[in-house]
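Read through the structure below, which is laid out as structure tokens, and then see the notes.
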Amino acid sequence: MQYATITGWGKCLPPAILTNHDLATFIETSDEWIRPRTGISQRHISHVNTSELASVAAKRALAAAGLDASQIDMIILATASPDTLIPNIASTVQANIGAQCAAFDINAACCGFLYGMGLANAQIQSGQCQRVLVIGAERLSFYLDWSRRETAVLFGDGAGAVILEATDTKQGVLAYELNNDPSCREILSAGFGTKMDRFDADSLDFFIQFDGQEIFKRAIRGMGQLSKKVLEKTGTNKDDIDLVIPHQANERIIDTLVSRMKIDKSKAFINIANYGNTSAATIPIAICDALEQGRINAGDTILSCAFGAGLTSAAMLLKWGDRVTPIAESDAELPPCDSTGLELVKRAADYFLSKAQ
Ligand code: ACO
């Protein structure tokens, strides 16, 4: 039996940071409201397109795996904020890293990375691929109406990538569950697409909107149910879990999730304070951070789960392999940014604020 295990990992966070205090300079909010309600202190704002974030993360993942791009059989890029819809931006990454293989984008919102991992695992198990590059990358700052405090405070930009490689050893992806509940499509949306009326300026004002409390409840239920299923599927006891890497939408969602699953909070990896919700990028970024912080050890059992627009939900049980350090490091970097996070969002904020008056 073939298994698919993570052998490389890389992240890319754009350098400009927007703090809660920065946000309070142009919308009616405060660090005192945002931090206790969400766990977020700051988020990164990108000065480049999603594909550039994805390409740097991909180059770092390749170096960590000790691989050349020519050895990759497939690129799966999960994003809801591509720089172009046609062509897909997996092809942009492919050109940037110099790979010759299949390449495509998927959109399963915040679950995109785990959906991509599921697809990659199936390709490896079937023997079709030996090595798949799975990326989660987002530039959600593009989608935000910066005059709406309900949504503006929650999201950030970034990218993370992993290399999944075939192995005969029982490690890597042990089980996963993917689901979608279409009855709640409308409670979380960004109206960007062909349903926009190109002759109506208002219709071109697309932005993320959601029913936060409804999502809060459904996120806990969806992630909890699928996590239980992957544990049952593999006969894993919750006490055998070494680390939980959940989607980072709100620290209170994570607290409630682990408390309901009766898992000690110290086992939950939480980095939302630094990044906000980076949708499909949250889990691969968290994997990188967890490795950097020594939170992942060889042979660890890791539960990862996510929830997002659609409403998608996903859970995956992983057994980490033998290596927790990169084979090599890439010198790939983004082009320099000479603006602050506040400067990067201010033009959009002024536009939306003047429209709102
Ligand atoms: N700053 C200050 N006050 C605010 C802000 C803000 N940024 N946002 C809302 N408020 C106000 C509201 O206007 C309201 O005021 P009122 O009582 O005078 O009417 C009050 O704070 C409480 O608002 P609620 O919406 O009830 O706040 P809640 O505690 O539910 O927190 C939040 C809102 C953080 C959005 C929460 O519901 C949440 O995290 N939901 C799930 C996350 C989510 O929806 N993520 C979207 C992406 S989906 C995904 O990634 C899975």
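For clarity, every value in this text was computed on a predicted model and none was experimentally measured.
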Donor-acceptor check, side chain of R149 to backbone of I27, threshold 3.5 angstrom: yes or no? no
4.5 Å side-chain heavy-atom contact, I135 and V93: yes
Tell me yes or no: between the side chains of N180 and Y115, is some donor less than 3.5 Å from an acceptor? no
Got a sec, which residues hit side-chain hydrogen bond (donor to acceptor under 3.5 Å, both in side chains) with T5, two or more places apart in sequence or on another chain? Q171
Salt bridge check, E251 against K265: does any charged N sit closer than 4.0 Å to a carboxylate O? yes
Side chain proximity check, V258 to K267, heavy atoms < 4.5 angstrom: no
Donor-acceptor pair, D73 side chain versus C129 backbone, under 3.5 Å? no
With sequence neighbours excluded, what pairs up with F192 under the side-chain contact (heavy atoms from CB on, under 4.5 Å) test? L85, Y143, M196, F206
Going by salt bridge (Lys or Arg N to Asp or Glu O under 4.0 Å), name the residues that satisfy it together with R185, two or more places apart in sequence or in a different chain. none
Do M117 and L318 have side chains that get closer than 4.5 Å, going by heavy atoms? yes
With a 4.5 Å limit on heavy-atom distance, are the side chains of I17 and R43 in contact? no
Keeping the roles fixed (side chain from S304, backbone from P246), state whether a donor-acceptor pair exists under 3.5 Å. no
What do the steps show when you test F269 against V244 for side-chain contact (heavy atoms from CB on, under 4.5 Å), and what is the final call? CA-CA 6 Å; F269 187 78; V244 182; over 6 Å; no
Linked, directly or transitively: M74 and Y3 (ILVMFWY side chains, under 4.5 Å): no
Please set out all donor-acceptor pairs under 3.5 angstrom arising from side-chain atoms of residues 228-236, sequence neighbours excluded.
{"from": "K233", "atom 1": "NZ", "to": "Y176", "atom 2": "O", "distance (Å)": "3.0"}
{"from": "K233", "atom 1": "NZ", "to": "E177", "atom 2": "OE2", "distance (Å)": "3.0"}
{"from": "T234", "atom 1": "OG1", "to": "V230", "atom 2": "O", "distance (Å)": "2.8"}
{"from": "T234", "atom 1": "OG1", "to": "L231", "atom 2": "O", "distance (Å)": "3.2"}
{"from": "T234", "atom 1": "OG1", "to": "T236", "atom 2": "OG1", "distance (Å)": "2.7"}

Side-chain donor-acceptor pair present, Q42, N20, cut-off under 3.5 Å: no
Going hydrophobic residue to hydrophobic residue with side-chain gaps under 4.5 angstrom, can you get from I34 over to Y275? no
Are any non-hydrogen side-chain atoms of I72 and I163 less than 4.5 angstrom apart? yes
For F155 and T278, what are the C-alpha separation, side-chain angles and deciding distance, and is it a side-chain contact (heavy atoms from CB on, under 4.5 Å)? CA-CA 6 Å; F155 299 94; T278 58; over 6 Å; no
Check: G172 main-chain N/O paired with K319 side-chain donor or acceptor under 3.5 Å: no
4.5 Å side-chain heavy-atom contact, L334 and P15: yes
Heavy-atom donor-acceptor pair, E333 side chain to D331 backbone, under 3.5 Å: no
Determine, stepwise, if the pair I220 / R260 fulfils side-chain contact (heavy atoms from CB on, under 4.5 Å). CA-CA 9 Å; I220 293 161; R260 291 215 180 145; 3.6 Å; yes
Counting C-beta onward and ignoring hydrogens, is there a side-chain heavy-atom pair between L226 and F307 closer than 4.5 Å? no
Closest heavy-atom contact between A120 and L164? CB-CD1, 3.7 Å
So which heavy atom on A137 is nearest to which on A159, and how close? CB-CB, 3.7 Å
Would you say the side-chain atoms of D289 pair up with the backbone N or O of N271, donor to acceptor, closer than 3.5 Å? no
Donor-acceptor pair, side chain of R60 and main chain of E329, under 3.5 angstrom: no
Would you give the length of the straight line joining atom CG of L291 to atom CD1 of I296, rounded to the nearest 0.5 angstrom? 4.0 Å
Verify, without hydrogens or angle tests, whether E138 (side chain) and A80 (backbone) share a donor-acceptor contact under 3.5 angstrom. yes
Where do I245 and C305 land on the side-chain contact (heavy atoms from CB on, under 4.5 Å) test, with the steps shown first? CA-CA 7 Å; I245 303 188; C305 52; over 6 Å; no
Assigning hydrophobic clusters by single linkage (Ile, Leu, Val, Met, Phe, Trp, Tyr; side-chain heavy-atom cutoff under 4.5 Å), is L303 placed with V173? no
Does anything in residues 206-222 form a salt bridge (charged side-chain N to carboxylate O under 4.0 Å, His left out)? List the pairs, not counting sequence neighbours. D181-R218, E214-K217, E214-R218
For atom CZ of R252, is the number of surrounding heavy atoms from other residues, nucleotides or ligands below 6.0 Å larger than 12? yes
Of all residues at least two apart in sequence or in a different chain, which pass the side-chain contact (heavy atoms from CB on, under 4.5 Å) check with R148? D145, E150, T151, F207, Q209
Mind checking side-chain contact (heavy atoms from CB on, under 4.5 Å) for D83 and listing every partner two or more places apart, or none if nothing turns up? N49, T50, S51, I89
N/O donor-acceptor pair under 3.5 Å between S147 side chain and L353 backbone: no
Assigning hydrophobic clusters by single linkage (Ile, Leu, Val, Met, Phe, Trp, Tyr; side-chain heavy-atom cutoff under 4.5 Å), is W9 placed with I76? yes
Name the atoms and distances for all side-chain donor-acceptor pairs under 3.5 Å in residues 341-352, with sequence neighbours left out.
{"from": "E343", "atom 1": "OE1", "to": "T340", "atom 2": "N", "distance (Å)": "2.9"}
{"from": "K346", "atom 1": "NZ", "to": "D350", "atom 2": "OD1", "distance (Å)": "2.8"}
{"from": "Y351", "atom 1": "OH", "to": "D205", "atom 2": "OD1", "distance (Å)": "3.1"}
{"from": "Y351", "atom 1": "OH", "to": "D205", "atom 2": "OD2", "distance (Å)": "3.4"}

For residues 237-247, pull every pair meeting side chain to side chain donor-acceptor pair (under 3.5 Å), keeping only residues two or more places apart or in separate chains. H247-N277, H247-T282
In terms of side-chain heavy atoms, does S55 have a donor or acceptor partner in N96 at a distance below 3.5 Å? yes
Taking the side chain as everything from C-beta on, heavy atoms only, tell me whether S259 gets closer than 4.5 Å to T256. no
Can you check whether S141's main-chain N or O pairs, donor with acceptor, with W146's side chain at less than 3.5 Å? yes
With sequence neighbours excluded, what pairs up with P335 under the side-chain contact (heavy atoms from CB on, under 4.5 Å) test? H47, V48, E52
Here the side chain to side chain donor-acceptor pair (under 3.5 Å) pairs for residues 290-301, sequence neighbours left out, are K11-E292
Check the side chains of D22 and T25 for a donor-acceptor pair under 3.5 angstrom, ignoring hydrogens and angles. no
With D68 via salt bridge (Lys or Arg N to Asp or Glu O under 4.0 Å) - residues at least two apart: none
